[in-house]
Novice: 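Structure in structure tokens, see below.
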Number of protein chains: 4
Amino acid sequence: MSSDKRRIIVPKQKRSEETRAKILAAGVDLFSRDGFHSTTSKKIARHAGISIGSFYNHFEDKRNLLIEIHRIHASKVHDMIGDALKIESLGSPGPGGSNIGRDIVEQSLKLHDFSPELHREITALAYSDPQFSEMSRREEERVVELMVGLLERHRDQLRVDDLEAAARVVVHAAEEVVHSIKIFGAPIEEKRLTDALGDMLFRFLYKDS
Amino acid sequence: MSSDKRRIIVPKQKRSEETRAKILAAGVDLFSRDGFHSTTSKKIARHAGISIGSFYNHFEDKRNLLIEIHRIHASKVHDMIGDALKIESLGSPGPGGSNIGRDIVEQSLKLHDFSPELHREITALAYSDPQFSEMSRREEERVVELMVGLLERHRDQLRVDDLEAAARVVVHAAEEVVHSIKIFGAPIEEKRLTDALGDMLFRFLYKDS
Amino acid sequence: MSSDKRRIIVPKQKRSEETRAKILAAGVDLFSRDGFHSTTSKKIARHAGISIGSFYNHFEDKRNLLIEIHRIHASKVHDMIGDALKIESLGSPGPGGSNIGRDIVEQSLKLHDFSPELHREITALAYSDPQFSEMSRREEERVVELMVGLLERHRDQLRVDDLEAAARVVVHAAEEVVHSIKIFGAPIEEKRLTDALGDMLFRFLYKDS
Amino acid sequence: MSSDKRRIIVPKQKRSEETRAKILAAGVDLFSRDGFHSTTSKKIARHAGISIGSFYNHFEDKRNLLIEIHRIHASKVHDMIGDALKIESLGSPGPGGSNIGRDIVEQSLKLHDFSPELHREITALAYSDPQFSEMSRREEERVVELMVGLLERHRDQLRVDDLEAAARVVVHAAEEVVHSIKIFGAPIEEKRLTDALGDMLFRFLYKDS
DNA sequence: TATGAATGAGCATTCATTCAT
DNA sequence: GATGAATGAATGCTCATTCAT
């Protein structure tokens, strides 16, 4: 009762693994540069320097390549977020000192320096394609979890009760403002936006500011 | 002698105007339901009950149909925003009373009840297509302007100095949270999110609350 | 037993005649500029400043418009040829004096100053379309007739016996050399070509020169 | 990484080479029979017994197929001309003997027995399409070169000074008369035309005839 | 495993022509 | 006679995918 489906290679040999890596790299390049819809599987194969047949040996189709790229990308981003939010940044909170608000903004900006074009493309697909929508949602859940963890560690300094709702709102606000800067090009000086955002998050989260 | 360029119909006859309306309606239906890329010009014509030739008499192509739809949609939304932000909502501010934060959230939610699917699709294109990116940006600028106007009218009650930066941050935060509710389906109870958002905006904007 | 065919207007009213003239003029312009295949009936109507419906009231289709244009053009050219070949140019033949060879070349060049672009387009169609081939042939026959007449008038000075064959060869040679100058752009100085051509025709036709 | 540009197959496999040959053959057939404009890429594919996709794998488009056909055709014709003009035909010149005039006519006729229909179609395009115009011109230049070479080899017997101008006039005259015979169908007996043409060329070129 | 030629459904778009007003 | 919106068959071309080598 074996599946009729095309058999996708699970690379075991070194050569095969290299081919797979080349395809992934080409996919990142082209999806970032031209977008998903303008990137054809032939172009990917050519850009990767392999044959179209080989492409289909390694990935079911274009869509699945992007999903795999997304998976890898997301896990890298997730690790970066994990690292970032581990930082115990809240020694002396307040406008003058360090605070979560400012730190979140800083880390968000940093995260978007990593492949903003790919991020843009995946965000586009999250808005137009249910499967990518679902993937983005799962990714977001993991980020929210980390954010909740961060907030919990500073609970005593915070004024918010519903940490999960707060975490979500914070993540969304940061995400969108950073998009307006990194993806669409800040319409006013970046610093004014990031200061306002940092200020907003700080005031929202912190007791007696 | 006059120009030989392809001429798009500028409706003079009643029948022509009706056809144009049918195409616009069909475009809204299909772009909302299936997305831009899965909607073909043939499908639009069939859905509108007209011929493919007629479609091309009225619109240069699929893309220009969506642009026109967007224009119409945007101006409706803009009017709604204008009306909404005119409301002098700030009798007795504070967690218990009415306040801008809560009002902005409410109005944002209301706005997204109007054709959320189309809004989703256009947002997707704003992320993937430079022309739509530019259109969305212009639209956003007009919203920011209205928001700055609103803030200015309540300046004495507000703690923020940089009204434009504040306006932008507020608009982005509200937009994204509302998208997570109306477009992607709230992952937790809507009220928890909107309360947190309203609270955040309020704390950010208001003096010593 | 009237024909089912679309009834084409035979202009009686002044307005109608003007419309017809406008269409003919527009046809000449566009066929000359863009060629037959790139000229659409809509463009013709627009260029003429009339409606597409009116175009079809006056001409069966694009093809028949060109045929009519050709007819008018050909009769003008024919008149010009008639005038040209009437000239009794052979006072003192010889390389130094006037001679038929040189005159034919001169007149051929002059003829091709009249709408060379249209001539080019019609020649193209003569090569690719049987109906135009036939029309060109008829036109050619009339030119050959005139040429035979000219030769007959100078028979005593000529060495050729088969006047018709001579006429045809002369017409073809002149036509093609002039095309290479007027239509394709002379690859060497025009004078060298026309001198050679005139010389060739002269030597061919004249007795012991 | 290599270029992403659309790549036209450069045949490596035998099957590919066969397909290419089939397309070329089908192109010759259909362009000759129906002309360029009436031949669609679908018809070519069907006639060649291959898929439309395969057609586009091998040729950029219909136009480029004809260009390639022309290139092949032109080089064959050029070889034939080269062979023909090598003939040292001028033993005892004169109306009774062999002479260049008669030889040129003979060879021109022979050349046009090879695919006259294709020649007709390409001539049509030379009149209507700048790119084909340019191609025909280049081809003509090569023929003129060969003709100049021939004339040079018999210079002492010739009366003409400007060999290049003479060569061009000769080529044009022969070309057009032969077209009137082979392409349009001689309106009078072929022999009368060829005799007149041969006579004209002979009298033009030769000393004291 | 890798290759790349072959496939053909499907899409955007054009344009000659009709006909109701 | 004039108008121009409507029509839809037809065309050029793309691209995801298959499969024989």
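In what follows, chains are A, B, ... by sequence order, proteins preceding strands, each numbered from 1.
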Novice: With heavy atoms under 4.0 Å as the rule, sort T40(B) into base, sugar-phosphate or nothing.
Specialist: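 The residue T40(B) makes sugar-phosphate contact but no base contact.
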Novice: Of the candidate nucleotides dG4(F), dA6(E), dA5(F), which contains the atom at the shortest distance from the side chain of S51(D)?
Specialist: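 Shortest atom-to-atom distance from the side chain points to dA6(E).
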Novice: Could you please name the option among dG1(F), dT3(E), dT7(E) that lies closest to any side-chain atom of I50(A)?
Specialist: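 My answer, after comparing the listed nucleotides, is dT3(E).
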Novice: Is the backbone N or O of T39(B) less than 3.5 Å from a side-chain atom of K62(B), with the two atoms forming a donor-acceptor pair by type?
Specialist: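 Yes; at least one donor-acceptor contact below 3.5 Å.
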Novice: Between P on dC13(F) and OH on Y56(D), what's the gap in Å once rounded to a whole number?
Specialist: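 In whole Å, dC13(F) P and Y56(D) OH are 4 Å from each other.
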Novice: Judged by each residue's nearest nucleotide on DNA chain E, which is more toward the 5′ side, G49(D) or K62(B)?
Specialist: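 Its nearest nucleotide lies further toward 5', so the answer is G49(D).
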Novice: Let me know the distance between CZ of F36(B) and P of dC11(E), rounded to the nearest Å.
Specialist: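 So the CZ-P distance, F36(B) to dC11(E), works out to 14 Å.
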Novice: So if I take every side-chain heavy atom of I52(D) and compare against dA5(F), dC13(F), dG12(F), which nucleotide ends up nearest?
Specialist: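 My answer, after comparing the listed nucleotides, is dC13(F).
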Novice: Rounded off to whole Å, could you give me the CZ-to-P distance for the R20(D) and dG4(E) pair?
Specialist: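 The distance from CZ of R20(D) to P of dG4(E) comes to 17 Å, rounded to the nearest Å.
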Novice: Pick the closest DNA chain F nucleotide for S54(C) and for H37(D) by heavy atoms, then say which residue is nearer the 5' end.
Specialist: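 That would be S54(C).
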Novice: Out of dT17(E), dA2(E), dA6(F), which nucleotide sits closest to the side chain of D61(C)?
Specialist: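 For the D61(C) side chain, the nearest candidate turns out to be dT17(E).
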Novice: Would you kindly check whether a donor in the side chain of N57(B) faces an acceptor in the base of dA6(F), or vice versa, at under 3.5 angstrom?
Specialist: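 Side chain to base: pair present.
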Novice: Could you identify the nucleotide paired to dT21(F), looking across every strand shown and requiring Watson-Crick or G-U wobble geometry with both distances under 3.5 Å?
Specialist: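 By the stated definition (distances under 3.5 Å), dA2(E) pairs with dT21(F).
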Novice: Nearest-nucleotide wise, let me know which of T19(C) and G53(B) is further upstream toward the 5' end of DNA chain F.
Specialist: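 Final value for this comparison: T19(C).
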Novice: CZ of F55(A) versus P of dT3(E): gap in Å, rounded?
Specialist: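 About 14 Å, once rounded to whole Å.
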Novice: Between E68(C) and R20(C), does any side-chain N to carboxylate O distance fall below 4.0 Å?
Specialist: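 Answer for the salt bridge query: yes.
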Novice: List the atom of D61(A), the atom of Y56(A), and the distance in Å for their closest heavy-atom pair.
Specialist: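 Closest approach of D61(A) to Y56(A), heavy atoms only: CA-CE2, 4.1 Å.
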Novice: Round to a whole Å and report the spacing from CG of N64(C) to P of dA16(E).
Specialist: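 It is 14 Å, rounded to the nearest whole Å.
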Novice: Answer yes or no: does a side-chain N or O of K42(B) lie under 4.0 Å from OP1 or OP2 of dG10(E)?
Specialist: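 The answer is no; no side-chain N or O of K42(B) sits under 4.0 Å from OP1 or OP2.
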Novice: Hey, is R137(D) close enough to E134(D) for a salt bridge, meaning N to O under 4.0 Å?
Specialist: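 No, R137(D) and E134(D) are not salt-bridged.
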Novice: For E18(A) and K22(A), what are the C-alpha separation, side-chain angles and deciding distance, and is it a salt bridge (Lys or Arg N to Asp or Glu O under 4.0 Å)?
Specialist: CA-CA 6 Å; E18(A) 278 167 10; K22(A) 279 194 237 167; 5.9 Å; no
Novice: Within this structure, what is the NZ-to-P distance between K43(B) and dG10(E), rounded to whole angstrom?
Specialist: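 Checked: the NZ to P distance equals 10 Å.
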Novice: I44(D) CD1 to dT11(F) C1': how many Å, rounded?
Specialist: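 Distance check: I44(D) CD1 to dT11(F) C1' gives 12 Å.
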Novice: What is the separation between atom CD on E18(B) and atom C1' on dT21(E), rounded to the nearest whole Å?
Specialist: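 E18(B) atom CD is separated from dT21(E) atom C1' by 14 Å.
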Novice: When you check the phosphate oxygens OP1 and OP2 of dA16(E), does a side-chain N or O of S41(C) lie under 4.0 Å from one of them?
Specialist: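 The answer is yes; a side-chain N or O of S41(C) sits under 4.0 Å from OP1 or OP2.
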Novice: For dG1(F), does OP1 or OP2 lie under 4.0 Å from any side-chain N or O of H58(C)?
Specialist: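 For H58(C), the contact criterion (side-chain N or O under 4.0 Å from OP1 or OP2 of dG1(F)) is not met.
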Novice: Donor-acceptor pair, S75(B) side chain versus I72(B) backbone, under 3.5 Å?
Specialist: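 It does hold such a pair.
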